[in-house]
Amino acid sequence: MSASFYQPDTVTCNGEQFKIFINRQQIDERISQLGEQLDKDFADKKPIFIGILNGAFIFLADIMRHVSIPCEVDFMKLSSYGDEKVSSGQVTELKHIDAKIEGRHVILVEDIIDTGLSMNYMVKRMKEENPASVSVCSLLHKKEATKFDVQIDYVGFEIPNAFVLGYGLDYAQEGRNLSQIYVIDKEND
Ligand code: PRP
């Protein structure tokens, strides 16, 4: 028998305590709504989803399975946080897409938009390649923390400025395999 999804109520990751914040049902329902919206907005446009590694891999996999129009996928890898909880302030491009996106409808997929640094960079970078359109889809958005100019077309959840983990999001590379989203538990510091 295969193991169940990894979804405890609380978890310790790299010595920090986290508690449940957004559960599987909430994630599934919201992704299903986003998928329906994308089906409508991109019907006959054959969009290309571009996931920003590493964090977006789980959200991207789930959202693509809720989309029923013809579509493609590619990946870009950036890093701004390293193993820290606070952004370094600089974006490093570690892998560029392989696809040719000139004239294509691009949907950039992120797990989270925090300061907006990464997505601000990504949108500009994609536009250099003359796509037909660039849309932004992020599972999470920390509105209070966003300092860079980013237009977010599809957002799963607006969240407060707290450190979150799971469902692709890491703390020093661990915790991405949690199937729900957790928030740091300050009461147990
Ligand atoms: C995280 C996340 C976003 C970015 C958001 O990536 O996946 O790409 O930070 O923060 P920002 O809005 O302040 O730029 P990270 O650099 O931690 O790499 P990862 O995706 O491999 O976790």
Side-chain angles (χ1 to χ4, degrees), residues 6-7 11-16 18 21-22 24 26-27 30-31 34 38 47-64 73-99 101 106-129 131 134-184:
Y6 177 36
Q7 47 186 17
V11 66
T12 303
C13 182
N14 282 308
E16 299 271 14
F18 291 82
F21 182 48
I22 305 174
R24 276 209 64 80
Q26 292 169 306
I27 295 170
R30 189 70 189 109
I31 291 182
L34 289 173
L38 290 166
I48 178 160
F49 288 88
I50 298 182
I52 303 168
L53 296 170
N54 292 334
F57 78 109
I58 291 181
F59 175 48
L60 177 63
D62 280 350
I63 197 142
M64 278 197 76
V73 70
D74 202 347
F75 295 92
M76 181 106 170
K77 187 167 165 74
L78 300 180
S79 186
S80 67
Y81 280 70
D83 285 347
E84 304 302 321
K85 282 188 281 184
V86 177
S87 172
S88 66
Q90 285 199 328
V91 178
T92 311
E93 198 174 303
L94 302 174
K95 178 204 175 296
H96 194 64
I97 49 171
D98 297 313
I101 58 164
V106 168
I107 304 172
L108 295 174
V109 179
E110 263 290 22
D111 51 337
I112 188 165
I113 294 175
D114 192 323
T115 65
L117 176 74
S118 309
M119 193 50 87
N120 175 283
Y121 173 91
M122 275 298 296
V123 171
K124 285 184 189 151
R125 187 73 184 82
M126 290 297 105
K127 285 184 175 169
E128 287 171 11
E129 301 188 19
V134 178
S135 303
V136 172
C137 175
S138 183
L139 178 65
L140 305 176
H141 178 214
K142 285 187 189 175
K143 208 172 200 164
E144 292 161 36
T146 304
K147 294 181 274 191
F148 293 84
D149 184 32
V150 181
Q151 185 190 320
I152 309 170
D153 304 283
Y154 305 92
V155 63
F157 302 92
E158 295 285 354
I159 63 166
N161 193 7
F163 191 80
V164 285
L165 177 77
Y167 197 74
L169 293 132
D170 72 305
Y171 177 27
Q173 302 306 326
E174 287 185 28
R176 298 191 199 269
N177 52 322
L178 290 155
S179 70
Q180 310 181 108
I181 299 169
Y182 296 78
V183 65
I184 202 154

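Just follow the structure's listing: the first ligand is 1, and inside any ligand the first atom is 1. Not measured: the values here are computed from a predicted model.
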**Message:** Tell me which one of M119, H141, K142 satisfies side chain to side chain contact (heavy atoms under 4.5 Å, CB included) with I112.
**Reply:** K142

**Prompt:** With a cut-off of 4.0 Å, which atoms of ligand 1 are near a heavy atom of D114?
**Reply:** 10 (O), 11 (P), 12 (O), 13 (O)

**Message:** Donor-acceptor pair, distance only, cut-off 3.5 Å: does the side chain of D74 make one with the backbone of D98?
**Reply:** yes

**Request:** Compute the shortest N/O to N/O distance between I112 and ligand 1 and return yes if it is under 3.5 Å, no if not.
**Result:** no

**Item:** Whether T146 side chain and T115 backbone form a donor-acceptor pair below 3.5 Å
**Value:** no

**Item:** Under 3.5 Å: N/O of N54 near N/O of ligand 1
**Value:** yes

**Message:** Show the atoms of ligand 1 that are less than 4.0 angstrom away from any heavy atom in G116.
**Reply:** 11 (P), 12 (O), 13 (O)

**Asked** So does K127 have more than 12 non-hydrogen atoms from other groups sitting under 6.0 Å from NZ?
**Response** no

**Message:** If we ignore hydrogens and angles and just use 3.5 Å, is the side chain of N120 paired with the main-chain N or O of D149 as donor and acceptor?
**Reply:** yes

**Asked** In terms of atom number and element, which parts of ligand 1 are under 4.0 angstrom from non-hydrogen atoms of E110?
**Response** 2 (C), 3 (C), 7 (O), 8 (O)

**Message:** Side chain or backbone, does I52 bring an N or O within less than 3.5 Å of an N or O on ligand 1?
**Reply:** no

**Fill in**
Near L53 (heavy-atom distance under 4.0 Å), the atoms of ligand 1 are 20 (O)

**Message:** Can you check which of Q173, R176, K147 brings a heavy atom nearest to atom 22 (O) of ligand 1?
**Reply:** R176

**Prompt:** With a 4.5 Å heavy-atom cut-off, do F75 and V73 have their side chains touching?
**Reply:** yes

